[in-house]
Asks: 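Could you have a look at this structure, given as structure tokens, before my questions?
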Amino acid sequence: MTYEEALQKLSPAGQEHLLQYYDELDPRQKDSLLAQIGDLDLSLLDLVKKGAGEIEKGKLEPMGAVTLEEIREKREQYEKRGLEALHAGKVGAVLLAGGQGTRLGLDKPKGMLNVGVHKELYLFEQLISNLLEVVKKADAWIPLFVMTSEKNNEDTTAFFEEHDFFGYQKEYVFFFVQEMAPSVSYDGRIYMEGKGKISTSPNGNGGWFSSLAGAGLLDKIHELGVEWLNVFSVDNVLQKIADPVFAGATMEAGCVCGSKVVAKAGPNEKVGVLCLEDGRPAIVEYYEMTDEMIHSRDENGRLLYNYGVILNYLFEVETLTKIMKENMPTHIVEKKIPYINEQAELVRPEEPNGYKFETLVLDMIHMMDNCLSFEVERSREFAPIKNRTGVDSLESARELMRENGIEL
């Protein structure tokens, strides 16, 4: 993109200020800025006129799950179906690892966190170890797609190389960078965080498939014969990845996606709940639920909205490809956004000062015709590391890891 083309793109949207320091930049910085402008999706700015706020929900109804008891009864059947698909190379895994470990006191990718006590054991390492168990059982390498971000891609790829991919076959590991979206002021002015750097942020966890496709990896998926993708987040250290029982159950049910869920610890647990919205699968966040929904119980005393999601989903690739061509909802959220002021000084606000744009995986679920709700044991598969101490912390995760026989 040339300077003239950039100006032509920005002018109708009133964003010419992005070029105000252009003449002060060196040739490399100029090229970088023009490339950033070329990548901008200015249609997002139309959302600012509507302001922040959650997208309205339709009619919500409870949704049950394949329970632990039911899974135990059909475990062999499910596992056999899943292992056949895994052995045939039909299942891949997608690790969402774009986040930093800032809240945990780590100025590096969250996956580089040492979860060990008496030895070094990295979060990435433990997740790969979990996946290797399935590789052994299926007698086949499972393609692993790792989504990073602009901020942590270099550190992440170097870390995997440095540790020889933690024993995983490197030919089956594919890295891709999550797409970014601009950050804007309340009046829709795109922020800059440097004279040659536009302020951007990752486009939300719902952007993983479009980012993967944008990186050219959809061709690789088709080439490998992968028909299903198991998507999971980096911060759950007990995550079972490409779980053959889960995969088999989803396939046996004839569903196009599946979601692992845990029974809520109590009515007020702050987790998203799998339910039905206008007859289609959906996830309702805890803050969107009414008191009646939170406390409603069935005749056996079980919560009607009982099953919380743990960000472990199985999606059929063919269906994902179809919905990618549709418009996913974009959420506009208030955030604290660092920016340069009129004196080109970097300001780090203490209060929200604008909007970021995010797509969410929960909207992908709602775009599916059906979804298998698959219950798992909280103590064996759910140990998220989000805080330094207390609930969902490194402390609580270590305790659960010990209970599961993991040497720390």
Side-chain angles (χ1 to χ4, degrees), residues 32 35-36 39 86 89-102 106-115 121-132 134-135 140-181 200-237 239 241-242 311-315 317 320-321 324 358-359 361 364 385:
S32 172
Q36 292 170 59
D39 289 339
L86 285 158
K90 293 181 179 179
V91 182
V94 182
L95 167 57
L96 307 184
Q100 293 288 93
T102 313
L106 177 72
D107 189 27
K108 290 286 183 182
K110 187 181 276 191
M112 289 173 62
L113 180 72
N114 178 22
V115 297
L121 178 63
Y122 302 104
L123 191 43
F124 279 140
E125 182 178 6
Q126 185 56 48
L127 291 173
I128 293 294
S129 176
N130 298 350
L131 183 55
L132 281 168
V134 182
V135 166
W141 290 101
I142 296 154
L144 174 63
F145 302 89
V146 183
M147 185 174 79
T148 64
S149 64
E150 282 185 359
K151 290 185 177 177
N152 76 9
N153 182 64
E154 199 173 307
D155 283 339
T156 300
T157 53
F159 195 66
F160 269 79
E161 290 279 358
E162 181 187 338
H163 291 87
D164 199 22
F165 288 72
F166 305 104
Y168 212 77
Q169 192 80 23
K170 67 183 293 183
E171 289 78 14
Y172 285 88
V173 182
F174 308 91
F175 296 97
F176 66 101
V177 179
Q178 185 172 11
E179 294 170 340
M180 307 291 279
T200 58
S201 61
N203 65 350
N205 59 22
W208 69 268
F209 191 67
S210 62
S211 298
L212 183 149
L217 288 174
L218 198 49
D219 290 339
K220 175 58 69 174
I221 282 170
H222 294 317
E223 178 190 318
L224 292 169
V226 172
E227 298 177 6
W228 297 85
L229 289 172
N230 178 209
V231 185
F232 61 100
S233 64
V234 71
D235 58 10
N236 180 4
V237 71
Q239 197 99 241
I241 306 154
L311 218 171
N312 188 312
Y313 305 106
L314 185 70
F315 290 102
V317 172
L320 283 173
T321 307
M324 186 175 66
E358 296 178 350
T359 55
V361 72
M364 299 179 83
I385 303 174

Asks: Not counting sequence neighbours, which residues clear side-chain hydrogen bond (donor to acceptor under 3.5 Å, both in side chains) with Lys108? List them please.
Replies: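 For Lys108 there are no side-chain hydrogen bond (donor to acceptor under 3.5 Å, both in side chains) partners, ignoring immediate neighbours.
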Asks: Is the closest side-chain heavy-atom distance between Trp208 and Val361 below 4.5 Å?
Replies: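 The answer is yes, as the side chains (C-beta and beyond) meet within the 4.5 Å cut-off.
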Asks: Any chance CZ of Phe166 has more than 12 other-residue heavy atoms, nucleotides or ligands included, within less than 6.0 Å?
Replies: yes
Asks: Would you compute the distance between atom NZ of Lys151 and atom OG1 of Thr156 and round it to the nearest 0.5 angstrom?
Replies: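 Here the interatomic distance stands at 13.5 Å.
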Asks: Keeping to residues at least two apart or across chains, list the ring-ring contact (aromatic ring centres under 6.0 Å, His included) pairs with something in residues 210-234.
Replies: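 Of all non-adjacent pairs touching residues 210-234, none passes ring-ring contact (aromatic ring centres under 6.0 Å, His included).
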Asks: Between atom CG of Leu96 and atom CG of Leu311, what is the distance when rounded to the nearest 0.5 Å?
Replies: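 Here the interatomic distance stands at 6.0 Å.
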Asks: Would you please indicate yes or no on a ring centroid separation below 6.0 angstrom for Phe176 and Phe145?
Replies: no
Asks: Asn114 side chain to Leu121 main-chain N or O, any donor-acceptor pair under 3.5 Å?
Replies: yes
Asks: Stepwise, does the side chain to side chain donor-acceptor pair (under 3.5 Å) test hold for Ser32 with Gln36?
Replies: CA-CA 6 Å; Ser32 172; Gln36 292 170 59; 3.1 Å; yes
Asks: Which is it for Glu179 and Asp39 under the side chain to side chain contact (heavy atoms under 4.5 Å, CB included) test, yes or no, and what are the steps along the way?
Replies: CA-CA 10 Å; Glu179 294 170 340; Asp39 289 339; over 6 Å; no
Asks: With no hydrogens and no angle check, just 3.5 Å: does a side-chain donor-acceptor pair link Gln239 and Asn130?
Replies: no
Asks: In Å and rounded to the nearest 0.5 Å, what is the CG to CG distance from Leu224 to Leu217?
Replies: 9.5 Å
Asks: Hey, are the side chains of Val115 and Ile385 touching, using non-hydrogen atoms and a 4.5 Å cut-off?
Replies: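 Heavy-atom side-chain distance check passes, below 4.5 Å.
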Asks: Of all heavy-atom pairs between Ala242 and Val91, which one has the smallest distance, and what is that distance?
Replies: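 Of all heavy-atom pairs spanning Ala242 and Val91, the closest is CB-CG1, 4.4 Å.
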Asks: Side chain to side chain contact (heavy atoms under 4.5 Å, CB included) for Val135 and Tyr168? Distances and angles first, verdict last.
Replies: CA-CA 9 Å; Val135 166; Tyr168 212 77; 3.5 Å; yes
Asks: Is it true that atom CD of Gln169 has more than 12 heavy atoms of other residues, nucleotides or ligands lying nearer than 6.0 Å?
Replies: yes
Asks: List the atom of Ile142, the atom of Ala93, and the distance in Å for their closest heavy-atom pair.
Replies: CG2-N, 4.2 Å
Asks: How about Tyr122 and Phe159: are their ring centres within less than 6.0 Å of each other?
Replies: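 Yes.
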Asks: What's the shortest heavy-atom distance between Val234 and Gly111, and which atoms?
Replies: CG2-CA, 3.9 Å
Asks: Any donor and acceptor pair, going by atom type alone, linking the side chain of Thr148 with main-chain N or O of Glu154 inside 3.5 Å?
Replies: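 A pair under 3.5 Å: no.
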Asks: Tell me the closest heavy-atom pair linking Gly98 and Ser149, and the distance in Å.
Replies: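 In this case the closest contact between Gly98 and Ser149 is O-OG, 3.0 Å.
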Asks: Side chains of Leu229 and Ile221, heavy atoms from C-beta outward: is any pair under 4.5 Å?
Replies: yes
Asks: For the atom pair CG (Asn205) and CD (Glu358), what is the distance rounded to the nearest 0.5 Å?
Replies: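 Asn205 atom CG to Glu358 atom CD measures 8.0 Å (nearest 0.5 Å).
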Asks: Testing Leu127, Ile241, Asn230, Leu95 one by one against Leu144 for a side-chain contact (heavy atoms from CB on, under 4.5 Å), which residue passes?
Replies: Leu95
Asks: Please lay out, stage by stage, how Asp107 and Gln100 fare under the test side chain to side chain contact (heavy atoms under 4.5 Å, CB included).
Replies: CA-CA 7 Å; Asp107 189 27; Gln100 293 288 93; 4.3 Å; yes
Asks: How far does OG of Ser211 sit from CD of Gln178, to the nearest 0.5 angstrom?
Replies: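 Output value for this atom pair is 5.0 Å.
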Asks: Does a side chain donor of either Glu125 or Ser129 reach within less than 3.5 Å of an acceptor in the other side chain?
Replies: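 Short answer, no.
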Asks: Evaluate the ring pair (Phe, Tyr, Trp, His ring centres under 6.0 Å) criterion for residues Phe209 and Phe315: first the C-alpha distance (whole Å), next the side-chain angles of each, then the deciding distance (0.1 Å), finally the verdict.
Replies: CA-CA 10 Å; Phe209 191 67; Phe315 290 102; 8.6 Å; no
Asks: Could you walk me through whether Leu86 and Trp141 pass the side chain to side chain contact (heavy atoms under 4.5 Å, CB included) check?
Replies: CA-CA 8 Å; Leu86 285 158; Trp141 290 101; over 6 Å; no
Asks: Counting N and O atoms only, with roles assigned by atom type, does the side chain of Asn152 sit under 3.5 Å from a partner on the main chain of Ala97, one being a donor and the other an acceptor?
Replies: yes
Asks: Let me confirm one number: the CG-OG distance from Leu218 to Ser210, rounded to the nearest 0.5 Å.
Replies: 11.0 Å
Asks: Are side-chain heavy atoms of Thr200 and Glu150 found at a separation under 4.5 Å?
Replies: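 Side-chain contact under 4.5 Å: yes.
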